[in-house]
Amino acid sequence: MLIKLINPNTTSTMTELMGDTARTVAASGSEIVLATSRSGAASIEGHYDEALSVVGVIDEIAQGKPADAYIIGCFGDPGLLAAREITASPVLGIAESAMHAATFVATSFSIVTTLERTRIISEHLVRSYGMQNHCRRVRATDVPVLDLEKPDSTADAAILAECQKALIEDRAEAIVLGCAGMSNLVERLQQRLGVPVIDGVAAAVKFAEAIVGMGLRTSKVGDLAYPLPKAYTGKLADYAPASLKLRENDSLAALATAVRS
């Protein structure tokens, strides 16, 4: 099974960190292929960064060797539905995966993320994924994403402190880490907190393996059908559906054509 883990930002060291996490939990028959976006921002910390990162995600799915499943390695799940449109292979976002995983091991969780402005994005996702009854609170540490990688950073202490507040003030029973760059903190935090700590990268890998193992593919009936053929202009001319290598096999292509007609 080939799983492609896409980092929507352009920081390759963060891609490698996620890759270490993914390979640690992957089954022996799973191959993890890493991809760092070739366009966009060094870190995704707002709606503008997120919107521009989607092009890089599309590039990594439409080009190169097809994968059995794709993972978008950013807690904002940028471009998740667009990515699902252009491939029949399952595409998982780490925020959606982490929240679902948390509901399997606790009746409530709090999300601990980076900046205050990205807290708002996480709150939008909680509502979008129907997790309002499970998520007690989204907490921001005001730690910039790239600070997570700095050896002299106080990010780990800030994250731990916010997690401890979540257990006391929110009465949360589990913690969801709200950034892919936190994936290496799971073991240490679980030991200190004594509750499940969920990282979306690990959760997405295991869900991808399960979904592919069940023989499931992305539905091409309805709003996740392949994009409609039409002209695109300007800087996005090369992204017209006819120009992309849509990840479909012959039988799925025939089914999609039949449904549209």
Side-chain angles (χ1 to χ4, degrees), residues 8-9 14 17-18 21 24-25 43-50 72-78 80 92-207:
N9 74 39
M14 190 166 292
L17 184 151
M18 288 190 288
T21 297
T24 297
V25 301
S43 60
I44 298 173
E45 296 174 308
H47 299 290
Y48 185 78
D49 294 342
E50 187 173 294
I72 299 176
C74 171
F75 200 80
D77 291 351
L80 180 59
L92 289 88
I94 65 169
E96 186 175 27
S97 297
M99 291 185 213
H100 279 292
T103 66
F104 298 151
V105 295
T107 57
S108 67
F109 63 85
S110 285
I111 298 171
V112 175
T113 188
T114 51
L115 299 182
E116 175 66 20
R117 64 184 301 164
T118 60
R119 180 182 64 80
I120 307 302
I121 294 175
S122 295
E123 288 178 342
H124 289 170
L125 291 179
V126 167
R127 292 190 291 272
S128 177
Y129 296 147
M131 292 288 170
Q132 303 95 315
N133 291 335
H134 300 282
C135 182
R136 291 282 171 85
R137 187 173 175 181
V138 180
R139 290 178 164 270
T141 58
D142 262 339
V143 173
V145 170
L146 296 181
D147 278 8
L148 296 170
E149 298 186 323
K150 294 179 180 178
D152 58 347
S153 171
T154 59
D156 290 13
I159 293 165
L160 173 61
E162 207 61 43
C163 290
Q164 290 170 327
K165 289 180 183 177
L167 300 186
I168 297 169
E169 298 175 9
D170 309 343
R171 294 178 292 110
E173 299 167 6
I175 299 293
V176 167
L177 297 178
C179 179
M182 298 178 182
S183 67
N184 62 334
L185 302 179
V186 170
E187 186 174 348
R188 279 174 282 169
L189 288 173
Q190 282 192 152
Q191 290 176 349
R192 293 292 300 272
L193 299 171
V195 299
V197 176
I198 298 95
D199 157 59
V201 174
V205 169
K206 301 312 290 183
F207 284 151

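Here the structure is a predicted model, which means the values were calculated and not measured.
Here D156 pairs with R188 under the salt bridge (charged side-chain N to carboxylate O under 4.0 Å, His left out) rule; sequence neighbours left out. Listed by chain and residue number, E116, E123 satisfy the salt bridge (charged side-chain N to carboxylate O under 4.0 Å, His left out) test with R119 (two or more places apart in sequence, or in another chain). Residues that satisfy the side-chain hydrogen bond (donor to acceptor under 3.5 Å, both in side chains) test with Q164, not counting sequence neighbours, are absent from this structure. Annotation: side-chain contact (heavy atoms from CB on, under 4.5 Å) contacts of A204 (sequence neighbours excluded): I71, L92, I94, S97. Partners of E162 under the salt bridge (charged side-chain N to carboxylate O under 4.0 Å, His left out) rule, at least two apart in sequence or in another chain, are R139. Taking the side-chain contact (heavy atoms from CB on, under 4.5 Å) definition, one finds that A174 meets it with A106, F109, P196, I198, sequence neighbours left out. For T107, the side-chain hydrogen bond (donor to acceptor under 3.5 Å, both in side chains) partners are E173, not counting sequence neighbours. Taking the side-chain hydrogen bond (donor to acceptor under 3.5 Å, both in side chains) definition, one finds that E187 meets it with nothing, sequence neighbours left out. Residues passing the side-chain hydrogen bond (donor to acceptor under 3.5 Å, both in side chains) test with T118, sequence neighbours excluded: T114. Legend: residues meeting side-chain contact (heavy atoms from CB on, under 4.5 Å) with T154, ordered by chain and number and at least two apart, are absent.
Identified under the side chain to side chain donor-acceptor pair (under 3.5 Å) test for residues 190-206, with sequence neighbours left out: K206-E209. Residue pairs that meet the salt bridge (Lys or Arg N to Asp or Glu O under 4.0 Å) test with at least one member in residues 95-104, sequence neighbours left out, are R84-E96.
Nearest heavy atom pair, residue P8 against residue C74, reads CG-CB, 3.7 Å. Nearest heavy-atom pair, S43 versus E45, reported as atom, atom and distance to 0.1 Å: OG-OE1, 3.1 Å. Contact between V143 and A155 at its shortest, heavy atoms only, is CG1-CB, 3.6 Å. Contact between M182 and G178 at its shortest, heavy atoms only, is SD-N, 4.1 Å.
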Stepwise, does the side chain to side chain contact (heavy atoms under 4.5 Å, CB included) test hold for E149 with M14?
CA-CA 8 Å; E149 298 186 323; M14 190 166 292; 3.6 Å; yes

Determine whether L189 and I159 satisfy the following criterion, side chain to side chain contact (heavy atoms under 4.5 Å, CB included), listing intermediate values before the conclusion.
CA-CA 9 Å; L189 288 173; I159 293 165; 4.1 Å; yes

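Side-chain contact between H124 and H47 is present, with heavy atoms from C-beta onward closer than 4.5 Å. Annotation: side chain of L177 is not in contact with side chain of S183 (no heavy-atom distance under 4.5 Å).
Residue Y129 holds its OH atom at 3.5 Å from CG of D77, rounded to the nearest 0.5 Å. If you take OG on S108 and CE on M131, they are separated by 13.0 Å, rounding to the nearest 0.5 Å. In this structure, CZ on F75 lies 11.0 Å from CD1 on I121, to the nearest 0.5 angstrom. The distance from atom SG of C163 to atom CG of L193, rounded to the nearest 0.5 Å, is 5.5 Å. Rounding to the nearest 0.5 angstrom, the gap separating the CZ atom in R136 from the CZ atom in R171 is 4.5 Å. Note: I111 CD1 to C135 SG = 4.0 Å, rounded to the nearest 0.5 Å.
Within 6.0 Å of OH on Y48 lie no more than 12 heavy atoms contributed by other residues, nucleotides or ligands.
Checked options T141, L115, L148; the residue passing with C179 is L148 (criterion: side chain to side chain contact (heavy atoms under 4.5 Å, CB included)).
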